[in-house]
Amino acid sequence: MIDLDKIAYSYGGGDLLSDVSLSLAPGSFHFLTGPSGAGKTTFLKLCYGELIPTEGRATLYGRDLAQMSRDDIAMLRRRIGVVHQDCRFLDHLSLAENIALPLTVSGRSPHAEAQNIGDLMAWCGLSHRADARPPELSGGERQRAALARALILSPDVILADEPTGNVDWEMSQRLLALLTELNRMGKAVVVATHDLALIRLAKQRVQARVLRITDRRLQLAGADL
Amino acid sequence: MSLLDQFRDLLRGDVRADRVVPPSGMAARLTLAVAGAMAFLAVFALALSLATGRIASQWSHELTRTATVRITAAPAEMPALTEAALRVLRSTEGVESARALTPEEQKALLEPWFGSDLPIEALPVPQLIELRETRAGYDAEGLRLRLGAEVPGAVLDDHGRWRRPVVQASQRIRALGLLSLLLIAGVMAGMVTLAAHAALSANAQVIAVLRLVGARDAFIARAFVRRFTLRALWGSMTGTFLGAMAILLLPGMPTEGTLLTGIGFHGAAWLWCLTIPLVAAMAAFFATRAAARRNLRGLA
């Protein structure tokens, strides 16, 4: 689905990532760790086409990212669910409208998919918050809502950037439970986090590979994880 | 997507897609106000342009086929000279008719300057003869020579001396009116472009979210274009309505055919007002579309 072949990314004359290779297969689960500023977010952005590698070749669903137009990338993003640490909602829309946003931009009617939206919100435990505006939500609710929005188009890949960064341990476990359930459904999941406790917990539940970004390179993490 | 498709989308609308852009904002209010003010001014520019065009055409048409012979002589000689001049005129090829103005008509001509109680009989007022030419026209130079030879003191005035500059001035005012309309449309397009740029910049986060969830540039641009086009349409409709009302309420004056009383719309000319909101909406559509494309390219 997503293949990165010896890619590098430089910005402003400095290398942020170098010689990174990874292939995301359906049903795979990867954790991405590393210190702050190591390049985890940059790596994820390369995976969903927000950034184009300055070297190497990134292939999304069999197509070379460097050869794709902005519209092509937009179409492919509908097959990749992205969850950001800051969630990024449209504050003037209700939570239900925010979750339905991918449907709206892809020309599908949220009315026709009301059942799906309702089910997804119930699955994320947000049914009672459908009409709330994003600023009214707690950190955990925002993260779950961001996950619901990422899933509304049934993507094959879920990329989550520090999804538990702003929530307590209990909520982190709840989010992890949702992500592992999605993985069992056959979706590829990549979670960037520096929460080692969460990674250890996840490894008890799913077959997860842990990757670490060190010195701009991607490495398989040691057995201590 | 073709331009026609974009217009169709614009008219059809999509409430959900429209909602992705935050509803309020300084830029949107500015567009509404500018469109209203510009449309109000456009109504006046259009009215002035139509009025001057109409007056130029009227003066030009009415005066082209008439001329005046002025006879200056002692009162005792005046009847004979008038009769002689009429004979010359009636026998001139190209002159359709000629008649001497009555004392009442001459008094009416002087009334605006001297008042209604003018004792015209006591004044050495020249006798005026009005002549109307045929479509083929007459030889003005030949007629002048004949009048000079047969009717001493008779002067032919074909009105060209003052008609030409008046018609020219009217035509220029009309051209200035049209130029004003173009400038108004240009200024409005410029203001809408600035407002659209400001709105796009202010909504950079919204655009980032839309892109994150898979929105294509055309979708994002459409949401902004529709917002600004409709604002410009509503604003200009209001401005046009108020401008038309102001024209309608202009005080009437007894004299017809002057520039001041001619300002306004007559009959079907009112329909021209309907073009103002349409032109404003089109200007906003193209201005926002260009601004959105440029801005989205820059944000990529």
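The sequence lines fix the lettering, A, B, ..., with proteins before strands; numbering per chain opens at 1. Treat the numbers as computed from the prediction; the structure is a model and nothing was measured.
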Shorter than 4.5 Å, heavy atoms on both sides: which option in Leu212(B), Asn203(B), Leu210(B) has the most such pairs with chain A? Leu212(B)
Using salt bridge (Lys or Arg N to Asp or Glu O under 4.0 Å) as the criterion, list what pairs up with Arg174(B), not counting sequence neighbours. none
Salt-bridge test for Arg19(B) and Glu97(A): reply yes if a basic N is under 4.0 Å from a carboxylate O, no otherwise. yes
Go through the side-chain N and O atoms of Asp72(A) and Ser69(A) and say whether any donor and acceptor fall under 3.5 Å apart. yes
Backbone N or O of Leu24(A) within a donor-acceptor pair of the Ser28(A) side chain at under 3.5 Å? no
For Arg149(A), is it the side chain, the backbone, both or neither that has a heavy atom under 4.5 Å from a heavy atom of chain B? side chain
Residues of residues 116-148 of chain A contacting chain B, heavy-atom criterion under 4.5 Å, by residue number: Arg133(A)
Looking at chain A, which one of Val206(B), Ile220(B), Asp217(B) has the largest number of heavy-atom pairs inside 4.5 Å, strictly under? Asp217(B)
Tell me which one of Thr41(A), Leu65(A), Leu17(A), Leu16(A) satisfies side-chain contact (heavy atoms from CB on, under 4.5 Å) with Leu46(A). Leu17(A)
I'd like to know which of Arg77(A), Glu50(A), Met75(A) tops the heavy-atom pair count under 4.5 Å against chain B. Arg77(A)
Counting heavy atoms not belonging to Trp270(B), are there more than 12 under 6.0 Å from its CH2? yes
Determine which residues belonging to residues 82-96 of chain A lie within contact range of chain B, meaning some heavy atom pair is under 4.5 Å apart, and list them by number or answer 'none'. Val82(A), His84(A), Arg88(A), Phe89(A), Leu90(A), His92(A), Leu93(A)
Report the residues that fulfil side chain to side chain contact (heavy atoms under 4.5 Å, CB included) with Gln171(B), sequence neighbours left out, ordered by chain and then residue number. Ala56(B), Val167(B)
Are Asp64(A) and Arg57(A) close enough for a salt bridge, meaning some N to O gap below 4.0 Å? yes
Between the side chains of Asp156(A) and Tyr61(A), is a donor N or O closer than 3.5 angstrom to an acceptor N or O? yes
Keeping Ser236(B) on the side-chain end and Leu233(B) on the backbone end, is there a donor-acceptor pair under 3.5 Å? yes
With a 6.0 Å cut-off on the ring centroids, do Phe44(B) and Phe40(B) count as close? yes
